Amino acid sequence: MPSHLLCRPALLAISLSVACAAHAQSAPDRGNRSATELDAVKVTAERTHADAGALGDRALRDTPFAITAVGREQIEQRQVVSLGEAFLLDPSVTTQVSAYASGWSSPIRNRGIDLNFDSYRVNGLQVSSWGTEWPLEVMEQVDLLKGPGGFLYGFGAPGGIVNYITKKPTDTPTFSAQLGWREQGIVSGGIDAGGRFGNEQMFGYRFNAYREKGETFNGGRVDRKVGALALDARLTDRLTWTLDGVFQSRDLSGEAPQYYFRGLTSAPRPIAGDVDNGVPGTYYDTRSSLLSTALNWQINGNWKANLSYGVTTSWNDVNKIFAYIDDLNGDYDVNVYELGGKSEWKLAQAMLQGSFRTGPLQHQVVAGISHQTGLGWDRPYEWNPIGRANLYQRHAIRHDAVGSRVMTRGDETVQQAVFASDTVNLGGGWSVLAGWRYNDFETKGRYHTYPVTPTYAVMFKPSEAVTLYASYIESLEAGSRVGSSYINAGDVLDPTISKQYEIGAKVEATRWNANLAAFRLERGANIDELTPAGKRLVQDGITLYEGIEASADLHLNDALTVGGGVTWLDPTYDRLSPASAAQEGNRTAGAARWSGVVHATYQLPWVDGLETYAAVRYYGDVWYDADNTLKLPDYTLVNAGVGYRLLASGHPVTLRASVENLANRKYWSNAGAGLPRTLALSVRWEM
């Protein structure tokens, strides 16, 4: 769902959050206002733009691609702690792993395609998300570009690119503190402070700190620490320097197994927190950091330039259990997987964007160069069976790590790029876009390629509120590393090119908004090849994703906003070789044909400052495997919440309660066991 305006009721079903009012008030005025007066104020600073990579900074409605943006108010109102929850209201997005059910990474799947570990950015800077998520507590907005992002960002899975946007310095002093509690017993606390200081308010700052610790629903324990600092300096009226730093430490111990199915044609009875099946001795520890700096030069009214440099690192140490369920009674083999590693990315980029005229034509151009390096270190992994257990019974399994911690240098990649685009306004509401990115990509000692990934689009605006478009884009995707269940385990497959065709419409009217997109995406397929020696993972044919997605939000009155969306998808394996012909035409594993959502927010008129929200999300059935032998049933989840805002000694206080999976539905997703009913509470106090 394209919720790209933060607190605008006509455009966002969650935007009636009373917390928006707090940001619209300066500290001296708050003590003289009632709660009702506070709640009537709306934020005037709306984020209508996205930092769309090589397209530069432009309004979301003026981009010829489907983009979903989730702002700070949505994150706070629904007490979101994971990326999948953030995009709950987008029917094209599904969550692969719960934030607390497993440490085995928690990526999202968009339009039936997993986003892989190089599909994530923070402020446009590539970061590793292997085994962890970047902390939403320090983010102002999260954008999802749907489909291949080759021209815009370079390498990435064709399912899309996620770009986190960190909180920035505020022009007026701000301070808030928050406490929270989440079942079964996770407590959290955080502070957020910002403002400006110095001669003529030259320097700005924003500081965030967050901590959560406690017991998860499945018997594990989590301990997460987050810190973030954003600084800027207005060196002149036209030149600004920025610095952003983010650090996260996340330790998960005694976690439950990661569940898989083996040799089944139907799934056993699902669990939802019924059994405390965490495994003592296991752990999943990660550290992530980002440090970036930039100079932004507003050359004149039409031109601006940016020079940036950043370094991101990711470290992990894992002693994890994999469970392979092989009968309907819930019995499974227990396997231990010990691994660890470190990655480091460095990116330098220079970009120029501006506009000019050639006769009757208006040009909006973006051009830039970038240089990115990636380094990896790995330690030897351990993969061993250690016993049998059952889904529905407590077990006595324990595993303490025995593997070596010695790391060795792995792959080094270098990606250099030159990119340019021109959006030409032809008049009469028509415009065309053409862009190219030249990539020089090398995995040193192993692979070197020089693809050009283009994008082309035609756009028509019959009015300022409406954009119709047709676009084509390609993307270069890094080859995946083959998993341990194959005889070619450890091999890295070659990079592949994906292609997407899309037509769509975007409408942003005063009291409603709507989005419609039809797409066709062609991606290289990874197929299981059976040989006398065992099963190999090979690249063969394509996976074809064709679909239609639609969403809308309607602001019925000042108190009630309703919205919803639906996605239809036809994902199939196509153009396979004779060796894999048995899977020709099968539906792609993990991709639902139908998904949908309806949601509403209502401000109760009889209590000032009180609001409620609810969302009903339908997940269609999926095939678990490429052979289409095991189908996981569809399911529907209901989330709901309430927020109450009041004044305490002249300071805004916001109380929230929310429930995920209200009906405690038990279900299997393609990534394992579903989340049980989960209650979250929080209180936020503002200066």
Side-chain angles (χ1 to χ4, degrees), residues 1-3 13-14 65-70 74 78 80 82-98 106-115 142 144-147 157-160 162 267 270 500 502 504 514-521 523 543-553 562-572 586-600 614-624 628 630-640 660-663 665-675:
M1 188 194 77
S3 50
I14 305 300
F65 313 105
I67 299 177
T68 296
V70 179
Q74 272 209 61
R78 294 191 282 119
V80 169
S82 71
L83 199 59
E85 294 172 13
F87 290 106
L88 175 75
L89 303 185
D90 187 329
S92 294
V93 180
T94 57
T95 310
Q96 293 307 290
V97 183
S98 155
S106 42
I108 60 174
R109 174 174 286 164
N110 176 59
R111 294 178 173 177
I113 305 175
D114 289 341
L115 274 65
V142 187
L144 170 62
L145 167 72
K146 298 186 175 185
V162 168
Q500 178 177 277
E502 181 172 300
N515 289 263
L516 176 67
F519 54 89
R520 174 189 171 94
L521 189 147
R523 180 194 193 193
T543 46
L544 180 62
Y545 299 85
E546 297 178 315
I548 300 173
E549 59 185 24
S551 63
D553 301 296
V562 297
V566 63
T567 295
W568 172 82
L569 186 64
D570 184 20
T572 57
N586 284 3
R587 198 201 306 177
T588 305
R593 194 173 297 280
W594 288 98
S595 298
V597 63
V598 293
H599 51 89
V616 180
R617 175 68 192 265
Y618 170 75
Y619 298 84
D621 58 44
V622 300
W623 287 105
Y624 181 75
N628 287 187
L630 171 60
K631 179 180 283 189
L632 303 181
D634 61 347
Y635 58 94
T636 300
L637 301 181
V638 179
N639 292 359
E660 298 178 60
N661 191 5
L662 183 64
R665 176 68 185 271
K666 297 177 174 61
Y667 62 95
W668 290 110
S669 75
N670 201 58
L675 270 175

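When reading the values below, keep in mind they use all heavy atoms of this one structure, side chains included, and skip hydrogens, waters and symmetry mates. Please read all numbers here as calculations on a predicted model, not as lab measurements.
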Would you say that [X] contacts [Y] through its side chain, given a criterion of any heavy-atom pair below 4.5 Å between the two side chains?
X    : Y    : answer
L88  : N639 : yes
F519 : I548 : no
Y619 : V597 : no
V142 : L83  : yes
V93  : L144 : yes
V616 : T636 : yes
P158 : L521 : yes
K631 : D621 : yes

Between T567 and S92, does any side-chain donor sit less than 3.5 Å from a side-chain acceptor? yes

Is there a donor-acceptor contact under 3.5 Å linking the side chains of Y618 and D634? yes

Between E660 and E85, does a side-chain contact (heavy atoms from CB on, under 4.5 Å) hold up when you go through it step by step? CA-CA 10 Å; E660 298 178 60; E85 294 172 13; 3.2 Å; yes

Is the side chain of [X] donor-acceptor paired with the backbone N or O of [Y] at a distance under 3.5 Å, no angle test?
X    : Y    : answer
N628 : R587 : yes
S669 : G674 : no
D570 : E546 : no
N661 : L637 : no
R617 : L89  : no
Q500 : R520 : no

Would you please test D553 and V562 for side-chain contact (heavy atoms from CB on, under 4.5 Å) and show each step? CA-CA 6 Å; D553 301 296; V562 297; over 6 Å; no

Lys/Arg N to Asp/Glu carboxylate O, R111 vs E549, below 4.0 Å: yes

Considering only NZ, NE, NH1 and NH2 on the basic side and carboxylate oxygens on the acidic side, decide whether K146 and D90 come within less than 4.0 Å. yes

So which atom in G112 and which in A591 form the shortest heavy-atom distance, rounded to 0.1 Å? CA-CB, 3.8 Å

Residue pair L630, W623: steps toward the side-chain contact (heavy atoms from CB on, under 4.5 Å) verdict: CA-CA 6 Å; L630 171 60; W623 287 105; 5.6 Å; no

Measuring from F87:CZ to T94:OG1, what's the distance to the nearest 0.5 Å? 12.5 Å

